Amino acid sequence: MSLGQFFSDLGLFYALLGASIAVLMAGMGSAIGVGIAGQAASGVMTEDPTKFAKVLIMQLLPGTQGLYGLLIGFIALSKIGIIGSGAVTLTAVQGMEILAACLPMGIVGLVSGKYQGKTSAASIGIIAKRPEQFGKAMLFPAMVETYAILALLISFLTLNGIAL
């Protein structure tokens, strides 16, 4: 293997690592968050099964980070040609640029998914005692969602700004 081929493969490796990090870390955050909220929802369901729809909505909120990470992963794979027209040749620097572009979604997705799950669990507690406060209770986990959306936006814009 020539040195040029090694660095070409290294660029593709970095790009694939970035796509993987976005998907894996954001997915882990969602899994943790949905699990935390699901535990709280299960407790409410044992006391009052009529609140199923409201607590289910709260449980699903932390799942969005995983979707955002998956979207960034697809965009990165499409950009490098893994999905679509065939893989392009990347320099190591281009691969690291793609890796760096995917990091915000991966890192923020992991952290915000976990904390949105905790906030959703607290909001499920509100619904257990005061179901008429559902709209207000939903605002608390929605505030955490804001930061996942910002990470999605910066990863998306950065990926689109990388010239290959």
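Starting from 1, each residue takes its place in the sequence as its number. Not measured: the values here are computed from a predicted model.
- Taking NZ of Lys79 as the start and CG of Leu164 as the end, the distance is 5.0 Å to the nearest 0.5 Å.
- Leu157 and Ile98 fall within a single hydrophobic cluster, where Ile, Leu, Val, Met, Phe, Trp and Tyr are joined by side-chain heavy atoms under 4.5 Å apart, directly or via other members.
- If you take NZ on Lys54 and CD on Gln133, they are separated by 10.0 Å, rounding to the nearest 0.5 Å.
- In the hydrophobic cluster analysis, where Ile, Leu, Val, Met, Phe, Trp and Tyr join through side-chain heavy atoms closer than 4.5 angstrom, Leu67 is grouped apart from Leu71.
- Rounding to the nearest 0.5 Å gives a distance of 11.0 Å between CD of Glu132 and CD1 of Ile126.
- Using a 4.5 Å heavy-atom threshold, the side chains of Ile82 and Leu12 count as touching.
- Between Met28 atom CE and Leu24 atom CG the span is 7.5 Å, to the nearest 0.5 Å.
- Identified under the side-chain hydrogen bond (donor to acceptor under 3.5 Å, both in side chains) test for residues 12-37, with sequence neighbours left out: none.
- Placement of Val111 and Ile36 in two distinct hydrophobic clusters is found when ILVMFWY residues are connected by side-chain heavy-atom separations under 4.5 Å, directly or transitively.
- Under the 4.5 Å side-chain heavy-atom criterion for ILVMFWY residues, a single connected hydrophobic cluster contains both Leu77 and Ile162.
- Here CE of Met105 is found 11.0 Å from CG of Leu70. Values are rounded to the nearest 0.5 Å.
- Both Ile107 and Ile21 are members of a single hydrophobic cluster when ILVMFWY side chains are connected at heavy-atom separations under 4.5 Å.
- Around CD of Glu47, the count of heavy atoms belonging to other residues, nucleotides or ligands within 6.0 Å does not exceed 12.
- Of the possible polar contacts, none joining the Ser155 side chain to the Leu152 backbone as a donor-acceptor pair under 3.5 Å is found.
- A pairwise comparison of heavy atoms in Pro104 and Ala101 identifies CD-O, 3.3 Å as the closest pair.
- With Thr119 contributing its side chain and Pro141 its backbone, the two residues share no donor-acceptor pair below 3.5 Å.
- Looking at every heavy atom in both residues, Ile127 comes nearest to Phe134 through CD1-CD1, 3.5 Å.
- For Gln116 (side chain) and Gly113 (main-chain N/O), no donor-acceptor pair under 3.5 Å exists by modelled atom type.
- Side-chain polar atoms of Glu145 and Tyr68 form a donor-acceptor pair below 3.5 angstrom.
- Residues meeting the side chain to side chain donor-acceptor pair (under 3.5 Å) test with Ser112, sequence neighbours left out: Gln65.
- A pairwise comparison of heavy atoms in Ser120 and Ala37 identifies CB-CB, 3.9 Å as the closest pair.
- Heavy atoms of other residues, nucleotides or ligands lying less than 6.0 angstrom from CZ of Phe156 number 12 at most.
- Between Val34 and Leu60, every side-chain heavy-atom pair lies at or beyond the 4.5 Å cut-off.
- The minimum heavy-atom distance between Ala76 and Leu159, with the atom names listed, is N-CD1, 4.1 Å.
- Among all heavy-atom pairs drawn from Leu61 and Met138, the shortest one is CD1-CG, 4.2 Å.
- No donor-acceptor pair under 3.5 Å is formed between the side chain of Lys51 and the backbone N or O of Leu56.
- Counting non-hydrogen atoms of other residues, nucleotides and ligands closer than 6.0 Å to NZ of Lys114 gives a total of 12 or fewer.
- Taking the salt bridge (charged side-chain N to carboxylate O under 4.0 Å, His left out) definition, one finds that Lys118 meets it with nothing, sequence neighbours left out.
- Leu10 CG to Leu90 CG: the interatomic distance, rounded to the nearest 0.5 Å, is 10.5 Å.
- The shortest non-hydrogen separation linking Thr158 to Ile154 is OG1-O, 2.6 Å.
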